[in-house]
Amino acid sequence: MKKYKLLLISCLISLGTAVMLLFWYHGGAPLSSSEIEDYMATIEAQTQKPGARHDFVALREFLDTDDGKPVYTVNLYNFHAVADYPNGSQFEGTGLQAYERFSDVMIPLMIGRGSHPVYGSSWADPTNSQWDRIVIVKYRSRRDLVDLFATDAFAEASLHKWASLRDHQRMIVQAIHLPDGMLVIPLLSLFLGLLVYFVGTLIRRPK
C-alpha cells in the first residue's frame, strides 16, 4: 500500500511540474494595438536613461506583425578591448566584462518571461570570422521581448551592452528545425516523478 501511495505522489509531482512548466513556457495571444501603443510609449520615455537605444520604426513593425509565436534572436558580437563607457561613468574594464554585466541583468529578466538562451559560444575561427561570440536566445513571444525592453532594469543595463560592443549583428527568426522546448517538458516532468519514486523507495527500504 505504501508503494502505491508513493507512486501516486510521484505522479502528482510529475503532473504539477508539467502544468507549471507549460504555463511558464506558453506565449499567449498576439499583442493588441492598444498594448503596442502602451509599450511603445513606455520605451520611448526611457530614451534618456543611460545606454537605452532602439530603432523605433523597426520595433513597431516587429510588434505590429506579432502572431503570438516564439521568436529567436541570433546575435553576433565583437567586443572592445577596453569597454567604451561614456565620460564620467563609474564603470571600467574590458568589453567582455561590460557584456557580462549586461548578461547578469538580462538572464533573470528573460527567465521571468519564459525565455532563455539556446546556444552560446565564445569560440570562432579567426581566419574566417570577425566575431567574438554568438548567442541564440529563444523568446516565448514578441510580447515577452517587448515587455523586457520596457523595464527600467533593461534600459539601465543597456549602458553595459553598448559599452562592450565594437560591432554586432542581430537576426530575428522563427524556428524551423530547432525543437521547441515544450517537447522537453513532459520528459523532465516524468524524470522528476521517477526520481521522487525511486528515492522514496530507497528511503523506505528496510535496513
Side-chain angles (χ1 to χ4, degrees), residues 16-29 31 35-36 38-55 59 62-63 66 68-77 79-80 83 85 89-122 132-165 168 170-175 178-185 188-189 191-192:
T17 302
V19 169
M20 288 189 294
L21 288 175
L22 287 170
F23 178 79
W24 173 75
Y25 217 61
H26 182 64
L31 288 160
E35 287 175 319
I36 292 173
D38 288 343
Y39 276 123
M40 291 297 297
T42 299
I43 295 170
E44 288 172 0
Q46 292 176 334
T47 54
Q48 299 304 312
K49 289 185 178 293
R53 302 181 192 176
H54 292 282
D55 181 337
L59 179 59
F62 175 68
L63 300 179
D66 184 18
K69 295 180 181 179
V71 294
Y72 293 77
T73 60
V74 182
N75 306 279
L76 299 171
Y77 299 130
F79 299 119
H80 287 295
Y85 283 106
S89 173
Q90 62 178 320
F91 299 101
E92 58 183 17
T94 66
L96 180 57
Q97 288 172 329
Y99 179 78
E100 295 299 337
R101 293 185 187 114
F102 174 69
S103 296
D104 288 344
V105 176
M106 277 292 290
I107 296 298
L109 290 176
M110 287 190 292
I111 291 176
R113 291 163 176 80
S115 308
H116 56 86
V118 173
Y119 174 81
S121 176
S122 57
D132 297 319
R133 179 171 293 186
I134 178 173
V135 178
I136 302 175
V137 178
K138 181 198 173 186
Y139 289 94
R140 184 170 58 180
S141 67
R142 301 185 198 206
R143 177 192 301 276
D144 292 292
L145 180 52
V146 73
D147 190 70
L148 187 154
F149 284 168
T151 63
D152 290 338
F154 174 82
E156 293 166 1
S158 294
L159 169 70
H160 304 300
K161 175 182 178 180
W162 299 120
S164 74
L165 297 178
H168 79 288
R170 182 178 69 179
M171 295 175 286
I172 298 178
V173 300
Q174 287 186 319
L178 287 172
D180 194 291
M182 294 186 84
L183 299 176
V184 181
I185 288 175
L188 289 175
S189 303
F191 172 78
L192 180 60

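Of the possible polar contacts, one joining the Gln46 side chain to the Ala150 backbone as a donor-acceptor pair under 3.5 Å is found. Although no hydrogens or angles enter the test, the distance criterion places a donor-acceptor pair under 3.5 Å between the side chain of Ser115 and the main chain of Arg140. Distance alone, capped at 3.5 Å, places no donor-acceptor pair between the Arg133 side chain and the Gly120 backbone. Within the 3.5 Å criterion, the main-chain N or O of Asp144 finds a donor-acceptor partner in the side chain of Ser141.
Residues passing the ring pair (Phe, Tyr, Trp, His ring centres under 6.0 Å) test with Phe154 are Phe149, sequence neighbours excluded.
The aromatic rings of Phe91 and His160 sit perpendicular, their planes meeting at an angle over 60°, well past the 30° parallel limit. The aromatic rings of Trp162 and His168 lie perpendicular to each other, with more than 60° between the two planes, well past the 30° mark.
Inter-residue side-chain proximity for Tyr99 and Val135 is flagged as met; some heavy-atom pair is nearer than 4.5 Å. Considering only heavy atoms from C-beta on, Thr94 stays 4.5 Å or farther from Phe79 through its side chain. By the 4.5 Å heavy-atom criterion applied to side chains, Ile36 and Val146 are not counted as neighbours. You'll find the side chain of Thr151 reaches within 4.5 Å of the side chain of Arg113, heavy atoms only. At least one side-chain heavy atom of Met110 sits under 4.5 Å from a side-chain heavy atom of Pro117.
The CD atom of Gln90 sits 9.5 Å away from atom OH of Tyr85, with the distance rounded to the nearest 0.5 Å. Separating the OG1 atom in Thr73 from the NZ atom in Lys138 is a distance of 12.5 Å, to the nearest 0.5 Å. From Leu145, atom CG reaches atom CD1 of Ile172 across 6.5 Å, with rounding to the nearest 0.5 Å. Separating the CG atom in Asp132 from the OG atom in Ser121 is a distance of 11.0 Å, to the nearest 0.5 Å. Distance check, rounded to the nearest 0.5 Å: CG of Leu76 to CZ of Arg170 gives 12.0 Å.
The shortest non-hydrogen separation linking Val105 to Ala153 is CG1-O, 3.8 Å. Closest heavy-atom contact between Ala98 and Ala83: CB-CB, 3.9 Å.
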**Request:** Carefully, step by step, assess Leu165 and Phe102 under the rule side chain to side chain contact (heavy atoms under 4.5 Å, CB included).
**Result:** CA-CA 11 Å; Leu165 297 178; Phe102 174 69; over 6 Å; no
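Checking Val71, Asn75, Val118 one by one against Val137, the side-chain contact (heavy atoms from CB on, under 4.5 Å) holds for a single residue, Asn75.
Within a 6.0 Å radius of CD in Glu92, no more than 12 heavy atoms belonging to other residues, nucleotides or ligands are found.
A salt bridge between Arg142 and Glu35 is absent, with no side-chain N of the basic residue lying under 4.0 Å from a carboxylate O of the acidic one.
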